[in-house]
Novice: 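Questions regarding the structure given below will be posed in turn.
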There are 2 protein chains.
Amino acid sequence: MGRKKVLITGAAGRIGQVLREGLKDRYDLRLMYHRTVLEVAEGEEVVLGSVADMAAIEAAVDGVDAVVHMAGDPSTNASWESVLEKNIQGVYCTYEACRKKGVKRVIFASTNHVTGFYEQDGVYTTPELPERPDSLYGVSKAFGEDLGRYYVDEHGLEVICLRIGSFQPDSAVIERQGDRILSTWLSHRDCVQLVWRGIEADVRFGIYYGISANTRAYWDIQSARQELGYAPEDDAERLA
Amino acid sequence: MGRKKVLITGAAGRIGQVLREGLKDRYDLRLMYHRTVLEVAEGEEVVLGSVADMAAIEAAVDGVDAVVHMAGDPSTNASWESVLEKNIQGVYCTYEACRKKGVKRVIFASTNHVTGFYEQDGVYTTPELPERPDSLYGVSKAFGEDLGRYYVDEHGLEVICLRIGSFQPDSAVIERQGDRILSTWLSHRDCVQLVWRGIEADVRFGIYYGISANTRAYWDIQSARQELGYAPEDDAERLA
């Protein structure tokens, strides 16, 4: 049995670049870039286009086993026009393209901002609580989760939603962020693990917070441990 | 203290027409029609335009105390393009227009199809369960609920989401629908009551199933009774 082929959308993004490096030994990668193609490494396939363009994303997903959907506007300050196009239209086209092309599984980059108002209220949060988004960006990601559930129930797609915490390009920036990151940190290697566990797990649909094993966490990752087998190796406490 | 002024969007729709009649003695009504203006009655204000057109909806909400947002594509078979424009863009523009114009409250016509897959699985459903939409239409209404919660938490709007059950133009059609309607029926007068209770209740945000006091109900309306004071007068059993 050959290796799985996995498409990463948003491959030029901060997380996309880390996943490209972290998943290349495990999977054959196809990378989708929106505008700028980074240097192509041996063994990689590359496609160019917007996930909000149905023809482009259909071509991109054709023949892969799973899609790691990282494309979208990642800013909590994103405008309505931007999240409508890049996040809402983008995730619809991605799921729909997977349905049309028979792709089995999507790992959807959701966000902790889907439930950001619990955090503001100091509420310990499990993935089962009703959504309380703190931004139009958060609302657009809640939409991606709900649409994913629909594609699972109605069309048999498999969708793993990861509510990613604080993903930093370098631990050197952590000091600037205050104490929040001690609760919300997702290390690079834990992020890579969480994504491949999501690809491999025998789960049809799930929503999981994506953080390391932080001592001060206020988002529950028990279901990620139990259902996905996620075993984070890092704890933000060592940064304190 | 004068009477409240209430805007009904989607006034030409099946529910809109019933609300127009049922709310006119309680409120001063402004009716928003998309394309076709029905005969104008004395005391009514009328505006024409799409809720997905920001300028049109801003003008429509200006000066009202509450908006009863019934506009949108009501079909469970609606296409993505249609729900994206009429339901997703439409509800965004409605909330945003209310924020800009200082309108206090929105009654949002959601749907039982936000949780339609629980029904298919035979699960008794409360409003707190995670969304399981059964259609792109249902996903678009889940979006309207989530966006509403965001506008409540972030901008102080008040949003009452009503997951309307089976609203029939005439009880004569009921025989054709099989037994489902014995569980899911919302009579005209109960619909009218639920909406004005939603306008008057001291609640900042809530999600409620909109059905009559049906003996065979599988959607929970306890919170509508307790939080809104909703006291339905009908039971579909008398139709059996």
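Values below: every heavy atom of this structure, side chains too, minus hydrogens, waters and symmetry copies. So that the names make sense, note that chain A is the first sequence line, chain B the second, and so on, each numbered from 1.
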Novice: Looking at chain B, which one of A/Gly138, A/Ser135, A/Pro130 has the largest number of heavy-atom pairs inside 4.5 Å, strictly under?
Specialist: A/Ser135
Novice: Using non-hydrogen atoms and a 4.5 Å limit, figure out which bit of A/Leu129 sits close to chain B: side chain, backbone, both or neither.
Specialist: neither
Novice: With chain A, which of B/Glu131, B/Glu128, B/Glu96, B/Arg132 has the greatest number of heavy-atom pairs at distances under 4.5 Å?
Specialist: B/Arg132
Novice: Taking CG in B/Asp121 as the centre, count heavy atoms belonging to other residues, nucleotides or ligands within less than 6.0 Å. Is the count above 12?
Specialist: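 Enclosed: over 12 neighbouring heavy atoms sit under 6.0 Å from CG of B/Asp121.
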Novice: When rounded to the nearest 0.5 angstrom, what is the spacing between CD in B/Glu154 and CD in A/Gln120?
Specialist: 7.0 Å
Novice: CD/A/Gln89 to CD/B/Glu81 distance, rounded to the nearest 0.5 angstrom?
Specialist: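 One finds 7.5 Å between CD of A/Gln89 and CD of B/Glu81.
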Novice: Kindly compute the distance separating OH (A/Tyr92) from CD1 (B/Ile88), expressed to the nearest 0.5 Å.
Specialist: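 One finds 10.5 Å between OH of A/Tyr92 and CD1 of B/Ile88.
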Novice: Is chain B contacted by the side chain of A/Leu136, its backbone, both, or neither, given a heavy-atom distance below 4.5 Å?
Specialist: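 Backbone plus side chain of A/Leu136, per the 4.5 Å heavy-atom cut-off to chain B.
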Novice: Less than 4.5 Å to any heavy atom of chain A: does that hold for the side chain of B/Ile207, its backbone, both, or neither?
Specialist: neither
Novice: Non-hydrogen contacts under 4.5 angstrom with chain B: give the residues of residues 139-153 of chain A involved, or none if there are none.
Specialist: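 The list, in residue order, reads A/Val139, A/Ala142, A/Phe143, A/Asp146, A/Leu147, A/Arg149, A/Tyr150, A/Asp153.
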